[in-house]
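Only a predicted model underlies this, so the values are computations on that prediction, with no experimental measurement involved.
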Amino acid sequence: LLDHLDINEALTEENCSVKYETNGFEGNVRVIIQSIDEIRENNDHNNHPNIRLLVNRMENSLSKRDYSGVLHASASIFETLAKKIVDKPSVQNQSLGSFFEAYKKGSKLPKEILTYINEVYKSRSKEPLAGHGSLNAPTLLKEDAIILYELTKAIIKIERKISVKERE
């Protein structure tokens, strides 16, 4: 009766060590008990609530086999993350493409990862239903969506750990 993402969000807000995972349309539900390290990592106060919301959206898209939705959420995550790293009011209403150079200067990520982020962001405009309406069918494959999903989460963690370490 309830969406597992809504339940997981409420559990996370209450610092619970349990979360639920569903297996797409099959209706199977798994209960996952997180380790102490995972709980600390997931409750990092340096993580912006919009990024958490977009990660949930990306996860939901993947579970519903909406692979262009995964791309859309991932690109939005990267744009939000870049705005957090640049941290200037002037970029808050701009697209990532317009301030990507400032993000490259502010981020400590390797050049190859920054190039990947930029390519993901650009591909959102080209992939049917990822950034714009289209009569064409989406072309993103499940395997590519899974890779994008996992890499996006890893990049968030790396960027966060680098920026936290830098402040220490």
What's the separation between atom CE in M58 and atom CD1 in I156, rounded to the nearest 0.5 Å?
6.0 Å
Keeping the roles fixed (side chain from K83, backbone from Q92), state whether a donor-acceptor pair exists under 3.5 Å.
yes
Nearest heavy-atom approach of L109 to E159 is CD1-OE1, 3.2 Å
Quick one: are Y103 and V91 in side-chain contact, heavy atoms under 4.5 Å?
no
Distance in Å, K108 NZ paired with L114 CG, rounded so as to fall on 0.5 Å steps
11.0 Å
same_hphob_cluster(I7, V31) at 4.5 Å side-chain heavy-atom cutoff:
yes
Tell me the closest heavy-atom pair linking S125 and H132, and the distance in Å.
O-CD2, 3.7 Å
What heavy-atom pair brings A137 and P128 nearest, and what distance separates the two atoms?
O-CG, 3.5 Å
Spacing of R52 atom CZ and N56 atom CG [to the nearest 0.5 Å]:
9.0 Å
Give the minimum heavy-atom separation between L62 and A145, together with the two atoms involved.
CD1-CB, 4.0 Å
Look at the side-chain heavy atoms of Ile, Leu, Val, Met, Phe, Trp and Tyr, link any pair under 4.5 Å apart, and say whether I77 and L129 land in one connected group.
no
Which distance, rounded to the nearest 0.5 Å, do you find between the OH of Y67 and the CG of L141?
9.0 Å
Atom NE2 in H72, atom CZ in R57: separation rounded to 0.5 Å?
6.0 Å
Mark yes or no for whether T80, through its side chain, and S76, through its backbone, hold a donor-acceptor pair below 3.5 Å.
yes
Checking E79 side chain against L96 main chain: does a donor-acceptor pair fall under 3.5 Å?
yes
When every non-hydrogen atom of N118 is compared with those of F100, the smallest separation belongs to CB-CZ, 3.5 Å
Donor-acceptor contact present, side-chain S98 to main-chain Q94, <3.5 Å
no
Please check this pair: side chain of S107 against backbone of K104, looking for a donor-acceptor N/O pair closer than 3.5 Å.
no
Under the criterion side chain to side chain contact (heavy atoms under 4.5 Å, CB included), I'd like the reasoning laid out for V18 against I32: C-alpha separation, chi angles, the key distance, then a yes or no.
CA-CA 6 Å; V18 175; I32 299 169; over 6 Å; no
Just by modelled atom types, is the L71 backbone N or O under 3.5 Å from a matching donor or acceptor in the S74 side chain?
no
Quick check for you: to the nearest 0.5 Å, what is the distance between D66 atom CG and N60 atom CG?
8.5 Å
Is it the case that one hydrophobic cluster holds both I155 and L53, taking links as side-chain heavy atoms less than 4.5 Å apart, direct or via other members?
no
Would you call V86 and F99 a side-chain contact if the rule is heavy atoms closer than 4.5 Å?
yes
T152 and F78, any side-chain heavy atoms less than 4.5 Å apart
yes
Closest non-hydrogen contact found for Y121 with G97 is CE2-N, 3.5 Å
